[in-house]
Amino acid sequence: MSTDELLTFDHVDIRFPIELNKQGSCSLNLTNKTDNYVAFKAQTTKPKMYCVKPSVGVVLPRSSCEVLVVMQALKEAPADRQCKDKLLFQCKVVEPGTMDKEVTSEMFSKEAGHRVEETIFKIIYVAPPQPQSPVQEGLEDGSSPSASVSDKGNASEVFVGPSVGIVDLIRMSDELLIIDPVDVQFPIELNKKVSCSLNLTNKTENYVAFKAKTTNAKKYYVRPNVGVVLPRSSCEVLVIMQALKEAPADMQCRDKLLFQCKVVEPETTAKDVTSEMFSKEAGHPAEETRLKVMYVTPPQPPSPVQEGTEEGSSPRASVSDNGNASEAFVDMLRSLLVPLFSNAASSTDDHGITLPQYQVFINFRGDELRNSFVGFLVKAMRLEKINVFTDEVELRGTNLNYLFRRIEESRVAVAIFSERYTESCWCLDELVKMKEQMEQGKLVVVPVFYRLNATACKRFMGAFGDNLRNLEWEYRSEPERIQKWKEALSSVFSNIGLTSDIRSNESKFVDSIVEEVKKVLIKIGTEEREL
């Protein structure tokens, strides 16, 4: 049952598998098909047994949000698997612009005369999933590449390989992560690094940790090589191949990429993931997927076209015909001002370690942080002879393309996510450009969560999520742009980042960011010298 007029739900009941001494979770998708802002509140008949995250919120018009219901670990199985517990959702129309933090219990009080719609969900216990029967890698002769069926008759995920050459179908662990594509393809381009992005999808209700490694660690590297994929979500991984000095004789490659994955405790973050978690010797079994590395011919260059002439291109990302003089003037002004700010005459730090003078771009919400935290961070970086760039040296009101060029010139970017970050379309447009550079292996992005809970950000909860949803509503006529914002956020969130809260020592947090940036710069310099 669902409240047809306000919110609809993708489940009609809440099902938890009975697994002793282990928390269970079930996700619900709340969809608002109306043109109103709809507030909701969730409560259970046993608050100590179940918790709902988030338990209150606002669903914007013609949009949806996800809610996670978590059941505490059972110490013993119920005798007859019967459960009388229930979950109640209350919802009502609220004023446009209402945010999650403004939702109160009083709004849903019938005694106060508020019109509230209610939906009650039964909680049901079900048998846990049976372990997967072991399957050999690859295909047996005569087997069909189109689909495979488990012993129970349910169709499993179907993977189709390239349309030409050998079809290489590698079975993925159906219960945990699905990897797309099923092989890692690199175009052969001499003296040039190339990259291939993989999408890891978690269709389960569990937090799933992963670790990636290759058979040739000097030739390939993976970013991130460890991480956690939240329930019913996905993340992107970038595999980068070092530049080839000569073409392989027969275009054959025997290298492989191994992904190990396993269920971890809720709220586990990427920094909690260790190699020990995947050690078979230590009794920690993990599901494994091997991806073949394949060489392919490079794509042919497209015919030259003028920027901004294709249908659907954004005027925000183009330069006007008479903008050359303005661009030249900004470049001249920057050449005069940058040395005053960068203080990069010496490239050696206090420990005698030479820091490569690659540019470091800082992406942040200016109105919120420019004269406080970011100001301290920039000063600390310049004291360490880091060639840092912020938009303080750009002319106000210039085209965003100028900042895009600075991102292209940079090898490292620091994305500082703050409560008001998602108020700014400029911040998000910059992040989209950073994602593009990252996917090409040209940029390393270090996410920083300033006074925010990283997990809450990744789930778009709290003020961070409210601001994004308000921005979505403001730019609802540009759905492709909004989708790029979300993809960029998800992609950068998958990197290992640094987090502070209201109680953190800001001076020490600034120092930790500077040290992380120095490590990245040294690593990039070392990798390029080895080429």
Side-chain angles (χ1 to χ4, degrees), residues 60 99 236 314-318 359-378 381 388-410 412-439 443-454 456-495 497-500 509-510 513 517:
L60 300 190
M99 295 191 294
E236 192 172 40
S314 172
R316 294 181 178 82
S318 62
Q359 184 169 272
V360 177
F361 184 93
I362 300 185
N363 164 250
F364 65 101
R365 181 73 170 106
D367 291 350
E368 183 181 14
L369 301 178
R370 186 188 306 281
N371 297 320
S372 54
F373 178 74
V374 169
F376 302 138
L377 176 61
V378 170
M381 285 189 175
V388 60
F389 173 85
T390 66
D391 63 359
E392 64 194 57
V393 297
E394 292 291 351
L395 289 176
R396 294 294 178 264
T398 56
N399 192 289
L400 191 59
N401 268 356
Y402 296 126
L403 292 177
F404 286 170
R405 285 184 56 199
R406 305 304 170 243
I407 294 171
E408 290 173 353
E409 293 168 0
S410 304
V412 179
V414 178
I416 303 178
F417 299 109
S418 57
E419 188 173 276
R420 292 178 54 203
Y421 181 94
T422 44
E423 289 179 351
S424 169
C425 60
W426 276 55
C427 284
L428 292 165
D429 286 339
E430 286 180 3
L431 195 70
V432 170
K433 181 65 176 179
M434 289 157 56
K435 172 182 176 284
E436 292 172 0
Q437 294 293 105
M438 185 174 72
E439 288 176 342
L443 187 72
V444 178
V445 180
V446 179
V448 171
F449 298 91
Y450 178 70
R451 295 188 175 182
L452 290 176
N453 180 285
C457 281
K458 293 172 183 179
R459 298 182 64 82
F460 302 120
M461 295 164 61
F464 187 88
D466 290 338
N467 291 332
L468 179 61
R469 286 184 281 275
N470 289 337
L471 199 65
E472 285 181 36
W473 178 246
E474 182 180 350
Y475 287 87
R476 59 190 179 279
S477 62
E478 300 180 58
E480 292 183 3
R481 190 180 183 193
I482 293 171
Q483 183 60 29
K484 286 183 178 180
W485 291 344
K486 290 183 174 180
E487 290 173 355
L489 286 166
S490 297
S491 179
V492 174
F493 285 166
S494 67
N495 292 356
L498 302 167
T499 305
S500 76
F509 189 52
V510 165
I513 297 172
V517 169

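Keep in mind that the numbers below use all heavy atoms, side chains included, and drop hydrogens, waters and symmetry copies.
Salt-bridge formation is not detected for the pair Asp429/Lys484: no Lys NZ or Arg NE/NH1/NH2 atom is positioned less than 4.0 Å from an Asp or Glu carboxylate oxygen. Residues Glu408 and Lys433 are paired through a salt bridge, judged by an N-O separation under 4.0 Å between the basic side chain and the carboxylate.
Rounding to the nearest 0.5 Å places CD1 of Ile482 at 10.5 Å from CG of Leu428. Separation of atoms OG1 (Thr422) and CD (Glu472) is listed at 9.5 Å; rounding is to 0.5 Å. Here the CZ-CZ distance, from Arg469 to Phe460, works out to 9.0 Å after rounding to the nearest 0.5 Å. Here Asn363 contributes atom CG and Phe417 contributes atom CZ; the two are 7.0 Å apart, rounded to the nearest 0.5 Å. A distance of 6.0 Å separates CG of Asn470 from CG of Leu60, quoted to the nearest 0.5 Å.
The side-chain heavy atoms of Glu436 and Val432, taken from C-beta on, include a pair separated by under 4.5 Å.
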#### Entry: ring pair (Phe, Tyr, Trp, His ring centres under 6.0 Å) between Phe509 and Phe449, worked out
CA-CA 11 Å; Phe509 189 52; Phe449 298 91; 9.8 Å; no
### Message
Applying side-chain contact (heavy atoms from CB on, under 4.5 Å) to Leu377 and Val388, what does each step give before you reach the verdict?
### Response
CA-CA 10 Å; Leu377 176 61; Val388 60; over 6 Å; no
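Legend: residues meeting side chain to side chain donor-acceptor pair (under 3.5 Å) with Ser410, ordered by chain and number and at least two apart, are Gln359. With sequence neighbours excluded, the residues satisfying side chain to side chain donor-acceptor pair (under 3.5 Å) with Arg420 are Glu423. Under the side chain to side chain donor-acceptor pair (under 3.5 Å) criterion, Glu439 pairs with Lys435, sequence neighbours left out.
Counting only distance, with no hydrogens or angles, the side chain of Arg406 and the backbone of Leu403 share no donor-acceptor pair below 3.5 Å. Side-chain atoms of Tyr421 come within 3.5 Å of backbone atoms of Cys427 as a donor-acceptor pair (strictly under, hydrogens ignored). Without hydrogens or angle criteria, Asn495 side chain to Val445 main chain gives a donor-acceptor distance under 3.5 Å.
Between Trp485 and Tyr475, the angle of the ring planes goes over 60°, which puts this pair in the perpendicular group of the 30/60° scheme.
When all heavy atoms of Val412 and Leu443 are compared, the closest pair comes out as N-CD1, 3.5 Å.
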